[in-house]
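Data block below; observations after.
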Amino acid sequence: MARKKTLKLATFNVNGIGARLAQLLDWLARERPDVVALQELKARDHAFPLSALEEAGYGAVWQGQSSWNGVAILGRGTTPVEVRRGLPGDPADKQSRYLEAAVHGIVVAAIYLPNGNPQPGPKFDYKLRWMARLARHAKSLVSIPGGAAIVGDFNVIPTDQDVYDAKAWRKDALIQPESREAYFKLLEQGWTDSLRHVHGEATVYTFWDYFRQHAQRDRGLRIDHLLVNPPLASRLAGAGVDRWVRLQEKASDHAPTWIELKAGPR
DNA sequence: ATGACAAAGAGGCTTTGA
C-alpha cells in the first residue's frame with residue numbers, strides 16, 4: 001500500500017456537535033484531515049453522531065457529557081484505538097475533558113482544558129490543578145518514539161502576541177501568569193508548540209468570541225494548540241487555521257487548527 | 001464596561017457556561 005506523503009492532524013472546538021454537525025461534515029469533506037480532535041461536544045454519549053461521521057469516512061472514539069464539555073478523536077479511514085479516557089490524578093473529576101488514542105501511527109491526547117473563569121475562584125483553582133495533572137501525565141507521552149501529540153482547546157493565551165488586546169483580557173483566566181506559567185512548564189518537558197514553531201512571530205488566532213463582530217474584524221486569541229513531542233517535531237511540515245469555518249453563519253467561536261506531518265520512518 | 005450563542009429542563013422562559 002502506498003504511503004501518504006503527509007499526515008494532517010487537526011483540532012476543532014465545535015461548541016456543540018449537535019448544532020455544528022453540518023459544518024463539521026462540510027469542513028471534513030473540504031480539508032480531509034487524517035486525525036481530528038474535537039472539543040465541547042456538549043452531547044451525551046448516545047447523541048454522538050457516529051453514523052454521519054462514518055458515512056463521511058471517519059471512525060471515532062468519544063467521551064460525552066450532558067450539556068458541557070465532551071471530547072472525541074476521529075480517524076480518516078480508521079477507528080482510533082482508545083488508550084485512556086480521563087486525565088489521571090483525581091478520581092473525583094468526572095468532567096469529560098481528556099481522551100487519548102492511537103491513530104495513524106501516533107498517540108493523540110485530545111484535551112479540553114478548563115476555562116477557569118471567573119478568576120480568582122474555585123473554577124480557576126480547578127484549572128490550575130488540571131494543568132498540574134496534565135503535566136504529570138504528559139511526561140509519560142513526551143518520549144513515545146512513534147510520536148505523540150497533545151492537542152485541543154488549552155484555554156491559555158501563551159503570550160501577548162496571541163491576543164488582539166492583552167489589556168482587554170487582563171482579568172481573564174486565559175491570560176493569568178499562573179495559566180501561562182503552567183503552559184510553559186509543560187512545554188519545557190520537550191513539547192513543541194507547532195503553530196508558533198511554524199509561524200515564528202506572526203500573529204495567528206484560533207478563536208474569536210461572538211461579541212462585536214470580532215471574527216469579521218479578526219480580533220482573536222490563539223488558545224487551540226497542537227503540542228508535539230520530538231519525534232513529531234522533526235516531521236513538522238506545516239500548520240494553519242481554517243478561518244473560513246469561523247466566518248460562516250452560526251459558526252463555532254473556534255476555527256479548526258491543524259498541522260501537517262511528513263511521513264515517519266518505518 | 002459592554003456582550004453571543006446553544007443546550008437543558010421545564011416550558012413557550014431562565015439558567016448556565018466561559
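Just the heavy atoms: all of them, side chains too, but no hydrogens, waters or symmetry mates, feed the values below. Quick caveat, the model's predicted, so the values are computed rather than measured.
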*Using a cut-off of strictly less than 4.0 Å, decide whether Lys123(A) has a side-chain nitrogen or oxygen near OP1 or OP2 of dG17(B).*
yes
*In whole angstroms, how far is the P atom of dC5(B) from the CG atom of Asn13(A)?*
16 Å
*How are the rings of Phe207(A) and Trp169(A) set to each other: parallel, tilted or perpendicular (split at 30° and 60°)?*
perpendicular
*Whole angstrom value for the distance that separates P of dT2(B) from NZ of Lys171(A)*: 10 Å
*DNA chain B: stems of at least 3 consecutive Watson-Crick or G-U pairs, cut-off 3.5 Å?*
B:5-9 with B:13-17
*Could you list the residues that satisfy salt bridge (charged side-chain N to carboxylate O under 4.0 Å, His left out) with Glu100(A), not counting sequence neighbours?*
none
*Would you confirm whether His199(A), through its side chain, and Ala239(A), through its main-chain N or O, come within 3.5 Å as a donor-acceptor pair?*
yes
*Could you give the CD-to-C1' distance, from Glu40(A) to dT16(B), as a whole number of Å?*
12 Å
*Within the pair Lys127(A) and dA18(B), is there a side-chain N or O less than 4.0 Å away from OP1 or OP2?*
no
*Quick one: His214(A) NE2 to dG3(B) P, roughly how many Å, whole number?*
13 Å
*Looking at dA1(B), dG3(B), dA18(B), which one has an atom nearest to any side-chain atom of Arg97(A)?*
dA18(B)
*Nearest whole angstrom, please: distance from the C1' of dT2(B) to the CZ of Arg170(A).*
14 Å
*Should the ring pair Phe48(A) and Trp62(A) be called parallel, tilted or perpendicular, given that the plane angle runs from 0 to 90° and is split at 30 and 60?*
parallel
_What's Tyr112(A) touching, base or sugar-phosphate or nothing? Going by heavy atoms closer than 4.0 Å._
sugar-phosphate
_Trp27(A) six-ring face occupied by Arg32(A) cation (under 6.0 Å, within 45°)_ = no
